[in-house]
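Here is the structure we will look at, set down as structure tokens.
Proteins get letters first, then strands, A, B, ... in listed order; numbering begins at 1 in each. Predicted model, so just to flag it, every value in this text is computed and none were measured.
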Amino acid sequence: MSDKSSITVTLPDGSSLNVPRGSTPADVAHEIGARLAKSALAAKADGAVVDLARPLEHDVRLEIITEKSPEALELLRHSAAHILATAVRQVRPEAKIGFGPPIEDGFYYDFEVNEPFTPEELQEIEARMREVVRCNDPFERRVVTKQEARELFRDDPLKLERLEELGPEDVITVYRNGPFLDLCRGPHVPATGAVQHFKLLSAAGAYWRGDERRQMLQRIYGTAWFTEKDLEEYLHRLEEARRRDHRRLGRELGIFSVHPEAGAGLIHWHPRGALIRHTIEEFLKRTLLENGYDLVYTPHVASEELYRISGHIPTFVENMFAPMEQEGSERFRLKPMNCPNHIMIYRSETRSYRDLPIRYAELGTCYRFERSGVLHGMMRVRGFTQDDAHIFCTPEQIGDEYMRLLDLVGFMMTTFGYEYHVVLSTRPDKAIGDPAVYDAATDELRRVLDVRGLDYRVEEGGGAFYGPKIDIQLVDALGREWQGPTLQLDFNLPERFQLEYIGADNKPHRPVMIHRTLLGSMERFVGGLIEHYAGAFPLWLAPEQVRVLPITDDVRASAAELTDQLRRSGIRAHLDDRAETLGYKIREAETLKVPCMAVIGKREADAGTVAVRRRGTGRKQEVMPRPELIARLRRELESRALS
RNA sequence: GCUGACGUAGCUCAAGCGGUAGAGCGGCUGCCUUGUAAGCAGCAGGUUAAGGGUUCGAGUCCCUUCGUCAGCUCCA
């Protein structure tokens, strides 16, 4: 119990402390120990993160935030953003300040400036930031009235705009560090000196408030960490991502190319890439047939009428290629998606409840006119082949179908070596139809996820207007997340196309549809795999599985024979009988990331053996009888082993 | 689409203030017959992205178009 002049502070370990009213978390940290006082950055008071210098007025549960705390990096980066703005104001006194939040792995700050920042200027700004850090100015919080704030930011129109959105119930706070003052909710680290390990990364335009109709500001990105080691590790991760870039590896490994003459965003699959794709497609189709899907093919163009019925015109037009005009004919469109065509097939006969579920799958090639600025290697293109399927079923079958889908997703992702997260998206405000139907379906998806024991995140209101969905987020070898499979329920298209099936009651009923993709598009999926594997595809996917390397011309025949044996066993093998040294041939095979090198010298030719060197293992070779090599490779292929 | 940067041989990159476009790798030819990540030599390869302009003279300066990259906005 505390009297009027003191308050009780309860610490995370359950112990409590009496301190004078108005003490700060810094005081409390000091009370606990000198070490903690030194490492304290901020505090969590009754769950809310506050500054170390914020006076405590009531009894409170208090937790001191240090580098180790989960909130700490965000705090550090937010303060780093202020330091950035401080420096920018020195270099560009005219700069108007926008927002400067922490983001994953770093921070940014948006400025309205007369001229965009140059790379050299970024270096200068970074140098000035180090000055600001050296000054170790405290971050001082102050509560102000709206009128005061208007006065303080009278030269910063962007801040004023934000200010006017604050309501009377909002506490308006400003933070000062040295010469720099910002309208900011905080909290911050105690002083600029806490931000030691940082680097500015890039500058680029960014629309004010993310609205392309508003003016473009100049955004500077940076990263900040608590230790030099963390910073270096992060920069190393960026480097690693560059090293794995599918655009670079795609060219070096002979996987794909794009050509201005042929059109931006249109992928040309080279033989090696085509073989990877073929292997995946074959595996996928076999799996789908085993799982009760029917394969279909539908045309690449369709009459505009189809998209008027589906509703894609007008909602999707800006993503579609312009119509093709034909004399004496209706207008045609390149298809941007496969669903309307699959619906045509469904509608081609009267369906009975006994036929359902019907699962149509197609590797359907679609074309979308993506805005030029978004094109990116194989990941974002204008022509792509979707691993698409549409399941038509009764409302009662939804749960069962999702159960099967989740199993299939798990199988596929494990096969390619991806970890994944599951996200359930629920009804948004703009949803059509009976909310009860939408919610019941959502509950069913929830139940299915629970039955399968999957951990999942819920994105409230994140669903499409036409139905809830389950999204799968892939985690690749670098820990980056990618949009993976999506399992989208649709109440809308069956309605628009007036789909029916005859029920057991001999009356027509409306089926529901599930749009699902497991791999997304072949382009994006293979692009992702290149980066996931860093170009080193596992044996079963590698376009060239074995390279046979004769050391001299004398053993060429023996090596050619082995190549034939491998090929007859269903192994993709090539003979490299060029007049080059073994070292040269090995270097090239390693560069192309061929999983297995089979070396034949005089010893091996005489003994009928082969010296096997696996990719990336250096000089460690293993000599074995040739049938054994074939048997081992066969086993590895059949298991689709990942390494 | 927007902002900025960039576009030189197949690839990676050079070419003060505007003054005859170079190198390595790769390719081809020949020699070498090679034992675990680059053997030696020679040769070919360019309307400097395309188009226009300024200039005695443009890879270099200006404009337009196309493309690429970093972001923004938007999505398989």
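- You'll find that the side chain of A:R613 is closest to B:A37, out of B:U33, B:A70, B:A37.
- Across B:U33, B:A70, B:G35, the shortest atom-to-atom separation from the side chain of A:A204 is found for B:A70.
- Contact annotation: A:T581 side-chain N/O to B:G39 OP1/OP2 distance is under 4.0 Å.
- Base pairing of B:G42 is made with B:C28, judged by Watson-Crick or G-U wobble geometry with both donor-acceptor distances under 3.5 Å.
- Side-chain nitrogen and oxygen atoms of A:Y221 include at least one within less than 4.0 Å of the OP1 or OP2 phosphate oxygen of B:C72.
- The distance from atom CD of A:Q386 to atom P of B:A76 is 8 Å, rounded to the nearest whole Å.
- Between A:E588 and A:T552, the one whose closest nucleotide on RNA chain B sits nearer the 5' end is A:E588.
- With a 3.5 Å ceiling on both atom-pair distances, B:U34 lacks any Watson-Crick or G-U wobble partner.
- Distances from the side chain of A:R587 to the nucleotides B:A76, B:U34, B:A38 place B:A38 closest.
- Base pairing of B:C61 is made with B:G53, judged by Watson-Crick or G-U wobble geometry with both donor-acceptor distances under 3.5 Å.
- Summarising the local packing, CG of A:D606 is surrounded by more than 12 heavy atoms from other residues, nucleotides or ligands at distances under 6.0 Å.
- Using a cutoff of 4.0 Å between basic side-chain nitrogens and carboxylate oxygens, A:R359 and A:E401 are scored as salt-bridged.
- Here the nucleotide nearest the side chain of A:Y207, chosen from B:C75, B:G1, B:C32, is B:G1.
- Scanning atom types as modelled, no donor and acceptor separated by under 3.5 angstrom connect the side chain of A:R371 and the base of B:C75.
- Note: A:H515 and A:H342 fail the aromatic proximity criterion, with ring centroids not under 6.0 Å apart.
- If you take atom P in B:C31 and the same atom in B:A21, they sit 36 Å apart, rounded to whole Å.
- The ring of A:Y418 has its center closer than 6.0 angstrom to the ring center of A:H532.
- Here the P atom of nucleotide B:C74 and the CZ atom of A:R213 are 10 Å apart, to the nearest Å.
- Taking only side-chain nitrogens and oxygens, A:R382 never comes nearer than 4.0 Å to OP1 or OP2 of B:A76.
- The pairing partner recorded for B:A23 is B:U12, the criterion being a Watson-Crick or G-U wobble arrangement whose two distances lie under 3.5 angstrom.
- Using a 4.0 Å cut-off, no side-chain N or O of A:R248 falls inside it from OP1 or OP2 of B:U12.
- In this structure, A:H270 places its NE2 atom 15 Å from P of B:G10, rounding to the nearest Å.
- Distance check on atom P: B:G22 versus B:A9 gives 14 Å, rounded to whole Å.
- Nucleotide B:G4 holds its P atom 13 Å from the CG atom of A:N114, rounded to whole Å.
- A distance of about 37 Å separates the C1' atoms of B:C74 and B:G53, rounded to the whole Å.
- Across all strands shown, B:C17 forms no Watson-Crick or G-U wobble pair with both distances under 3.5 Å.
- Among the protein residues, A:A611 comes within range of the nucleic acid bases, having at least one heavy atom under 4.0 Å from a base atom.
- Among the protein residues, A:V381 comes within range of the nucleic acid bases, having at least one heavy atom under 4.0 Å from a base atom.
- Judged by distance alone with a 3.5 Å cut-off, no donor-acceptor contact links the side chain of A:E261 to the base of B:A49.
- A salt bridge does not link A:R516 to A:D388: none of the charged nitrogens lies less than 4.0 Å from a carboxylate oxygen.
- Across all strands, A:K585 comes closer than 4.0 Å to no nucleic acid atom at all (heavy-atom distances).
- Residue A:G583 is classed as a sugar-phosphate contact, given heavy-atom separations below 4.0 Å to backbone atoms only.
- Here B:G4 sits opposite B:C69 as a Watson-Crick or G-U wobble pair (both hydrogen-bonding atom distances under 3.5 Å).
- To the nearest whole angstrom, the two P atoms, one in B:G26 and one in B:U12, are 15 Å apart.
- As rounded to whole Å, 13 Å separates atom P of B:G30 from atom CD of A:E580.
- Here A:E165 pairs with A:R162 in a salt bridge; the nearest charged N to carboxylate O distance falls below 4.0 Å.
- Within the 4.0 angstrom heavy-atom criterion, only backbone atoms of the sugar-phosphate kind lie near A:R219; the bases stay farther away.
- When the side-chain nitrogen and oxygen atoms of A:R247 are compared with OP1 and OP2 of B:A70, one or more of them lie within a distance under 4.0 Å.
- Base engagement by A:G373 is indicated by at least one non-hydrogen atom pair under 4.0 Å involving a base atom.
- The six-membered or imidazole ring of A:F416 lies near that of A:F525, with a centre-to-centre distance under 6.0 Å.
- The A:I551 side chain lies nearest to B:G35 when the options are B:G35, B:A76, B:A37.
- Here A:E239 pairs with A:R242 in a salt bridge; the nearest charged N to carboxylate O distance falls below 4.0 Å.
- In this structure, the nucleotide among B:A76, B:U73, B:G35 sitting nearest to the side chain of A:E212 is B:U73.
- Comparing B:G71 with B:G52, their P atoms are spaced 36 Å from each other, to the whole Å.
- The side-chain heavy atoms of A:E104 and A:E74, taken from C-beta on, include no pair separated by under 4.5 Å.
- For the pair A:R214 CZ and B:G71 C1', the interatomic distance rounds to 19 Å; values are reported in whole Å.
- Between A:R251 and the phosphate of B:U12, there is a side-chain N or O to OP1/OP2 separation shorter than 4.0 Å.
- Base contact: A:G205 has a heavy atom under 4.0 Å from a base atom.
- One C1' atom belongs to B:G67, the other to B:A23, and the distance between them is 26 Å to the nearest Å.
- One atom, CZ of A:R368, and another, P of B:C74, lie 16 Å apart when rounded to the nearest Å.
- Using a 4.0 Å cut-off, some side-chain N or O of A:Y584 falls inside it from OP1 or OP2 of B:G26.
- Each of A:D554 and A:S202 was matched to the nucleotide of RNA chain B holding its nearest heavy atom; the match closer to the 5' end belongs to A:D554.
- Taking atom P in both B:G18 and B:C61, one finds a spacing of 8 Å when rounded to whole Å.
- A:H246 and A:E531 form a side-chain donor-acceptor contact under 3.5 Å, judged by distance and modelled atom types alone.
- In the set B:A76, B:U33, B:G4, B:G4 carries the atom at the smallest distance from any side-chain atom of A:P116.
- Within 4.0 Å of A:A589, counting heavy atoms only, lies no atom of the nucleic acid at all.
- Using a 4.0 Å heavy-atom criterion, one finds that A:S372 contacts the bases of the nucleic acid, with or without backbone contacts as well.
- Taking atom P in both B:C43 and B:A5, one finds a spacing of 42 Å when rounded to whole Å.
- In the interface, the side chain of A:E604 is paired with the base of B:G35 through a donor and an acceptor atom under 3.5 Å apart.
- Rounding to whole angstrom units, CG of residue A:D245 and P of B:C69 are separated by 8 Å.
- Checking B:U3, B:A37, B:C74 against the side-chain heavy atoms of A:Q218 singles out B:U3 as nearest.
- Side-chain atoms of A:I586 lie closest to B:A37 of the nucleotides B:A37, B:G67, B:U73.
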